[in-house]
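Reviewing the structure listed below.
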Amino acid sequence: MKIAARLSVAVVLFGAVIAMTGCADPEPGKGGTIPPAWEEPGTPRIGGNGGNGGKAAWDSGDEQPSAWGQGANEGALDERTGVRRIEVAGFPKTLYFGFDTDRINASEVSKVADAAAFIKSNPGMVLVIEGHCDERGTEEYNRALGERRARAVESKAAENGADLANIRTVSYGEDKPAVTGNGESIWSQNRRAVLWVGKIGN
């Protein structure tokens, strides 16, 4: 009995050690623990129709959307969100983020408030929030970080009175850079969230 008890204690301790060592991220974007968004599947506001077959919003296999938000033509349907883009004065709006963070800078908060006010005044419209990253870090880490950025903007819009039913979020990670190249001046332009508006429909 004493041996069995000691073995049980040893197994519990070993499990605790494994759990603690698995929580450290030695270098952001290079492995270790992946951000929470990685484990969260699509919802009615993420990936358009919700669920995406149980995948996260950005995990669409080889499918490429017909419109990427910023720069897309009016009337183009974004296949990942199911929203048909409509050109509206003041949109798209672009918010910029610091390195490896989803914290919204104070200088960008007014853009979210303006977008929320528009959606409140136009309940038939949908606000699409795209999360983007620079090229550093792994592809999966950046997709998760892009999703966290989009959700951070979504939460701020809700704080400003926007109805979550009228918001869609999607992450493109590093797949759609605003500018190409290397260096902080380039990367800082790609760490962003892009907000545009449209209507649900085919």
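- Tested against Cys133 for a side chain to side chain contact (heavy atoms under 4.5 Å, CB included), the candidates Asp100, Asn142, Asp175 yield a single pass: Asn142.
- Contacts of Asn190 classified as side-chain hydrogen bond (donor to acceptor under 3.5 Å, both in side chains), with partners at least two apart in sequence or in another chain: none.
- Note that the CZ atom of Arg136 and the CH2 atom of Trp187 stand 4.5 Å from one another [nearest 0.5 Å].
- Annotation for Leu164 and Ala158: closest pair CD2-CB, 3.9 Å, computed over non-hydrogen atoms.
- Using a 4.0 Å cut-off between a side-chain N of Lys or Arg and a carboxylate O of Asp or Glu, Glu154 and Lys156 do not qualify as a salt bridge.
- For Glu147 (side chain) and Arg143 (main-chain N/O), no donor-acceptor pair under 3.5 Å exists by modelled atom type.
- Considering only heavy atoms from C-beta on, Val194 stays 4.5 Å or farther from Lys93 through its side chain.
- No option in Arg192, Arg149, Arg191 other than Arg191 meets the salt bridge (Lys or Arg N to Asp or Glu O under 4.0 Å) test with Asp134.
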Cut-off 3.5 Å, no hydrogens considered: what does the side-chain donor-acceptor table look like for residues 109-121, sequence neighbours left out?
from: Lys111; atom 1: NZ; to: Thr94; atom 2: O; distance (Å): 2.7
from: Lys111; atom 1: NZ; to: Glu108; atom 2: OE1; distance (Å): 3.3
from: Lys111; atom 1: NZ; to: Glu108; atom 2: OE2; distance (Å): 3.4
from: Ser121; atom 1: OG; to: Ala117; atom 2: O; distance (Å): 3.0

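- Between the side chain of Arg84 and the main chain of Gly75, a donor-acceptor pair closer than 3.5 Å is present.
- Looking at Arg168, its side chain never comes within 3.5 Å of a backbone N or O of Ile129 through a donor-acceptor pair.
- Atom CG of Asn122 sits about 8.5 Å away from atom NZ of Lys199, to the nearest 0.5 Å.
- Residues Ile104 and Val153 are in side-chain contact: their nearest non-hydrogen atoms beyond the backbone lie under 4.5 Å apart.
- With contacts defined as side-chain heavy-atom distances shorter than 4.5 Å, the pair Glu130/Trp196 qualifies.
- Residues Leu195 and Pro92 fail the side-chain proximity criterion, which asks for heavy atoms closer than 4.5 Å.
- In this structure, CZ in Arg148 is found 10.5 Å from CZ in Phe97, a value given to the nearest 0.5 Å.
- Not one N or O on the side chain of Asn166 forms a donor-acceptor pair closer than 3.5 Å with the backbone of Leu127.
- Residues Val128 and Asp78 are not in side-chain contact: their nearest non-hydrogen atoms beyond the backbone lie 4.5 Å or more apart.
- Hydrophobic clustering of Ile, Leu, Val, Met, Phe, Trp and Tyr side chains at less than 4.5 Å, counting indirect connections, keeps Ile186 apart from Leu95.
- No continuous path of hydrophobic side-chain contacts links Tyr172 to Val179 [ILVMFWY only; heavy atoms under 4.5 Å].
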